[in-house]
Amino acid sequence: MRLVFLGPPGSGKSTQAASLAARWRIPSLSTGDLLRDAMAKGRLETIASQSDLGKQAQAQMDAGELVPDQLMVDLMRESFGAPATQHGWILDGFPRNLAQSQALDTLLQIMGQPYGQVVYFDVPENKLVDRMLKRGRQNDSEDLIRQRLQVYNEQTVPLIDFYRRRQCLVEIDGSLSPQEITDAISSVIKPLAIV
Ligand code: AMP
């Protein structure tokens, strides 16, 4: 099972990715977590094919901007190389723009791994800001939240149409309760995504 979870920050996609990945016994590749983990261990500059990309990343994350595509592709290439990912995965946070979705196609083509479906979490913007303020992650000021939503609207939203045209997009009402969302995804995905 190979799935891409797509949705705005605060849409609950990470929670769903983690719980469904545990249920289906496949890894959930959360790019935010992978970046934070590599940074904490001082590994980012080793992963990045150009070390200055790794150096800029912290500031870009703190500002709610996307880190460079090349860095993300380097990180994903490394993640897909891990034995645990050979039988499936859920991507949580990648791709986040059209260049990354094209890079993902290329990476998967090289590995001979197709993805099954893209699950899109649709949540109205006012609900997102509320949820994120309540979640209260460190540095989640309202300004930063709005900045991250703006980046999402400008760069990530075009992917919805991109995957819809490919006819692999499954839309989920992300304003439902976590349990209802889990049930909705399980009922749509199970019969289709066994790859
Ligand atoms: P997240 O935990 O998914 O909200 O990601 C936290 C931050 O990591 C984002 O605000 C970006 O700065 C960075 N990030 C995560 N995934 C990507 C990506 N696919 N492309 C660029 N930057 C990313």
Side-chain angles (χ1 to χ4, degrees), residues 2-21 27-45 47-50 52-80 85 89-108 115 118-123 125 127-160 162-163 172 174 181:
R2 298 181 177 94
L3 301 171
V4 173
F5 280 15
L6 180 66
S11 61
K13 67 180 178 352
S14 297
T15 310
Q16 295 296 332
S19 82
L20 287 165
S28 154
L29 303 176
S30 153
T31 48
D33 287 347
L34 289 171
L35 280 167
R36 283 183 285 269
D37 182 63
M39 229 170 254
K41 293 181 179 147
R43 290 184 57 239
L44 212 52
E45 283 161 45
I47 297 170
S49 47
Q50 298 156 280
D52 55 328
L53 294 181
K55 282 187 198 134
Q56 298 158 16
Q58 180 76 65
Q60 286 159 327
M61 286 178 77
D62 291 345
E65 303 284 346
L66 297 187
V67 307
D69 293 337
Q70 186 57 52
L71 178 61
M72 291 313 303
V73 174
D74 294 334
L75 191 67
M76 295 317 292
R77 188 183 293 111
E78 188 194 69
S79 301
F80 285 135
T85 63
W89 32 255
I90 297 177
L91 297 190
D92 164 25
F94 182 89
R96 251 172 157 104
N97 61 26
L98 283 169
Q100 291 183 8
S101 67
Q102 274 144 10
L104 175 62
D105 285 349
T106 308
L107 273 178
L108 295 181
Y115 57 83
V118 177
V119 180
Y120 165 51
F121 293 70
D122 189 13
V123 188
E125 187 153 326
K127 200 153 192 172
L128 294 171
V129 177
D130 261 16
R131 273 193 194 169
M132 281 193 283
L133 283 172
K134 283 199 193 112
R135 185 170 76 180
R137 198 198 271 168
Q138 212 189 356
N139 300 334
D140 265 3
S141 69
E142 186 158 353
D143 278 354
L144 186 62
I145 289 170
R146 296 220 179 264
Q147 167 65 18
R148 294 178 71 213
L149 283 173
Q150 191 182 335
V151 169
Y152 170 79
N153 284 326
E154 286 170 8
Q155 305 205 40
T156 312
V157 162
L159 293 181
I160 300 168
F162 177 82
Y163 287 121
I172 297 289
I181 298 176

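Given the structure is predicted, the values throughout are model-derived calculations rather than measurements. Numbering of ligands and ligand atoms starts at 1, following listing order.
Between the side chain of R148 and the backbone N or O of I145, no donor-acceptor pair lies under 3.5 Å. Under a 3.5 Å cut-off, the side chain of T31 and the backbone N or O of G93 do form a donor-acceptor pair.
Annotation: P95 places no N or O atom under 3.5 Å from an N or O atom of ligand 1; distance criterion only. Of the polar atoms of D33, none of the N or O atoms is found under 3.5 Å from an N or O of ligand 1, judged by distance alone. Considering both main-chain and side-chain atoms, K13 never comes within under 3.5 Å of ligand 1 through any nitrogen or oxygen pair. Not one N or O of Q60 is nearer than 3.5 Å to an N or O of ligand 1, by distance alone.
Interface of E65 with ligand 1, defined as ligand atoms under 4.0 Å from a residue heavy atom, comprises 11 (C), 12 (O). Listed by number with element, the atoms of ligand 1 under 4.0 Å from a non-hydrogen atom of Q100 are 18 (C), 19 (N), 20 (N), 21 (C). Under a 4.0 Å criterion applied to the non-hydrogen atoms of M61, ligand 1 contributes the atoms 7 (C), 8 (O), 12 (O), 13 (C). Within ligand 1, the atoms closer than 4.0 Å to a non-hydrogen atom of G93 are 16 (N), 17 (C), 18 (C), 19 (N), numbered from 1 in the order shown. If you number the atoms of ligand 1 from 1 as listed, the ones under 4.0 Å from a heavy atom of R36 come out as 2 (O), 6 (C). Per-residue contacts place R148 under 4.0 angstrom from the following atoms of ligand 1 (heavy atoms of the residue considered): 1 (P), 4 (O), 10 (O). Every atom of ligand 1 is numbered from 1 in the order shown, and the set under 4.0 Å from a heavy atom of T31 is 15 (C), 16 (N), 17 (C).
Counting heavy atoms under 4.0 Å from ligand 1, residue L35 touches it through the side chain alone. Contacts between M72 and ligand 1 below 4.0 angstrom, taking non-hydrogen atoms only, involve the side chain exclusively.
Rounding to the nearest 0.5 Å gives a distance of 11.0 Å between CG of N97 and CZ of F162.
Applying the side chain to side chain donor-acceptor pair (under 3.5 Å) criterion to E125, with sequence neighbours excluded, gives N153.
Using modelled atom types and a 3.5 Å distance limit, the side chains of Q147 and D143 yield no donor-acceptor pair.
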Q: With side chain to side chain contact (heavy atoms under 4.5 Å, CB included) as the test, would you mind laying out the steps for F5 and L20 before giving the verdict?
A: CA-CA 11 Å; F5 280 15; L20 287 165; 4.1 Å; yes

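With salt bridges taken as basic N to acidic carboxylate O contacts below 4.0 Å, none links K55 and D52. Taking 4.0 Å as the cut-off between side-chain N and carboxylate O, R77 and D74 count as a salt-bridged pair.
Residues L29 and F80 form a side-chain contact, since some pair of their non-hydrogen atoms from C-beta on lies under 4.5 Å apart.
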